[in-house]
Chemist: 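Here it is, the structure, as structure tokens.
Below, chain A is the first sequence line, B the second, and so on; all start at residue 1.
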Number of protein chains: 2
Amino acid sequence: MILGMARAATTSDVFNAIAEPQRRQIPVLLRGGERPVTEVAGELGMTQPGASKHLRVLREVGLVQDRRAGKQRLYAPDAAGLRPVHEWTGGFAEFWNESFDRLEAYVQDLKQTRDEE
Amino acid sequence: MILGMARAATTSDVFNAIAEPQRRQIPVLLRGGERPVTEVAGELGMTQPGASKHLRVLREVGLVQDRRAGKQRLYAPDAAGLRPVHEWTGGFAEFWNESFDRLEAYVQDLKQTRDEE
DNA sequence: GAATCATATGCCGATATCGGCATGCGTCAA
DNA sequence: TTGACGCATGCCGATATCGGCATATGATTC
């Protein structure tokens, strides 16, 4: 009989994946371009195995993609998995209220940025 | 000497607060109106102490507010603390791309809803 | 095939939760 | 004051991580 779970089996859940501060930095870094594991580890000050483990979690929840390039494996952001989080938080936008118009402005900015490309 | 921390002291961090599936349900419920602890526990199928603990975490990261009303303590959503998460995820919006127009539509919907009230 | 480089996995100790239970504390009514 | 009610806290066992280290797996070159 099982009593008391430390954390309701959260791995492979996006919300949990980004709960880790160190892990959260990785997608940000990759936004600047795809990188091999070693480089991620170096730039974020973690060990190679550490980076590999975090990248595995991020891949499982759809936050990074990887492609093989010779001996290396290049990781790139795949923020599709982040949409649910963005939408969930957005569902509370009405409670920020004072800054609501800024959200609209922010989206308009984003739209403009995209259309200019 | 300290080696190996289970989770880099994340409590009192919004990202961690919403990483817990059960805890994440509470702000959603409170969106329907302020409620006392017992009611939260009842509607979400948790014990009263369980609800109290989750509410404490949520309060510490600014996701719920509370006011005393007689013997009761009423909790209400205070999504201000959710803005950083929304903005952080929004920083990756350019990587969703295909669904970008839907985000715009979603915001417009929100705007309309608000203006109608 | 052997050596080498890049990355992933496995094992470990330390630790931060989570849920259940009992109990403490604060408030209101009689 | 005493009792009843609502809620918060403390203690506990079970467990899911996290980081460090050593090592296995993969791929390339000689």
Chemist: Less than 6.0 angstrom from the centroid, inside 45 degrees of the normal: does B:R35 satisfy that with respect to the ring of B:Y75?
Modeler: no
Chemist: What's the CD-C1' distance between A:E60 and D:dT17, to the nearest Å?
Modeler: 14 Å
Chemist: Does C:dC18 have OP1 or OP2 sitting under 4.0 Å from an N or O in the side chain of B:H54?
Modeler: no
Chemist: Return the value, rounded to whole Å, for the distance between atom CZ of A:R23 and atom P of D:dT17.
Modeler: 9 Å
Chemist: Given axes from five pairs at either end, by how many degrees does the helix from C:dG1-D:dC30 to C:dA30-D:dT1 bend, rounded to 10°?
Modeler: 20°
Chemist: Rounded to whole Å, how long is the line connecting atom CD1 of A:I18 with atom P of D:dT17?
Modeler: 15 Å
Chemist: Please step through side-chain contact (heavy atoms from CB on, under 4.5 Å) for the pair A:Q65 and A:E34, ending with a clear verdict.
Modeler: CA-CA 9 Å; A:Q65 286 182 332; A:E34 57 181 8; over 6 Å; no
Chemist: Would you mind reading off the distance between B:I26 atom CD1 and D:dC7 atom C1', rounded to a whole angstrom?
Modeler: 14 Å
Chemist: If a pair satisfies salt bridge (Lys or Arg N to Asp or Glu O under 4.0 Å) and one of its residues is in residues 70-82 of chain A, list it, with sequence neighbours excluded.
Modeler: A:D66-A:R73
Chemist: Could you state the atom-to-atom distance from CZ of B:R67 to P of D:dG6 in whole Å?
Modeler: 17 Å
Chemist: Using atom types as modelled and distance alone, determine if a side-chain donor or acceptor of B:H86 lies under 3.5 Å from a backbone N or O of A:H86.
Modeler: yes
Chemist: Measure from NZ or CZ of B:R31 to the centre of the six-membered ring of A:F92 and say whether it is under 6.0 Å with the direction within 45° of the ring axis.
Modeler: yes
Chemist: Counting distance only, does the side-chain N/O of A:R23 pair as donor-acceptor with the main-chain N or O of A:A17 below 3.5 Å?
Modeler: yes
Chemist: Could you list, one pair per line, each protein nitrogen or oxygen that sits under 3.5 Å from a nitrogen or oxygen of nucleotides 5-12 of chain C, together with the distance?
Modeler:
from   : atom 1 : to    : atom 2 : distance (Å)
C:dT7  : OP1    : A:V37 : N      : 3.4
C:dT7  : OP1    : A:R73 : N      : 3.4
C:dT7  : OP2    : A:T38 : N      : 3.3
C:dT7  : OP2    : A:T38 : OG1    : 2.3
C:dA8  : OP1    : A:Y75 : OH     : 2.4
C:dA8  : OP2    : A:S52 : OG     : 2.4
C:dA8  : N7     : A:Q48 : NE2    : 2.8
C:dA8  : N6     : A:Q48 : OE1    : 3.4
C:dT9  : OP1    : A:R56 : NH1    : 3.0
C:dT9  : OP2    : A:R56 : NH1    : 3.0
C:dG10 : O6     : A:K53 : NZ     : 3.0

Chemist: Give the C-alpha distance, both sets of side-chain angles, the deciding distance and a yes or no for side-chain contact (heavy atoms from CB on, under 4.5 Å) between B:I26 and B:M46.
Modeler: CA-CA 11 Å; B:I26 296 182; B:M46 28 179 146; 3.8 Å; yes
Chemist: Determine, stepwise, if the pair B:V28 / A:W88 fulfils side-chain contact (heavy atoms from CB on, under 4.5 Å).
Modeler: CA-CA 9 Å; B:V28 176; A:W88 188 79; 3.7 Å; yes
Chemist: C:dT15 P sits how many Å from B:N16 CG, rounded?
Modeler: 18 Å
Chemist: In whole Å, what is the span from the CZ atom of B:R68 to the P atom of D:dG6?
Modeler: 13 Å
Chemist: In Å and rounded to the nearest 0.5 Å, what is the OG1 to CD1 distance from B:T89 to A:I18?
Modeler: 7.0 Å
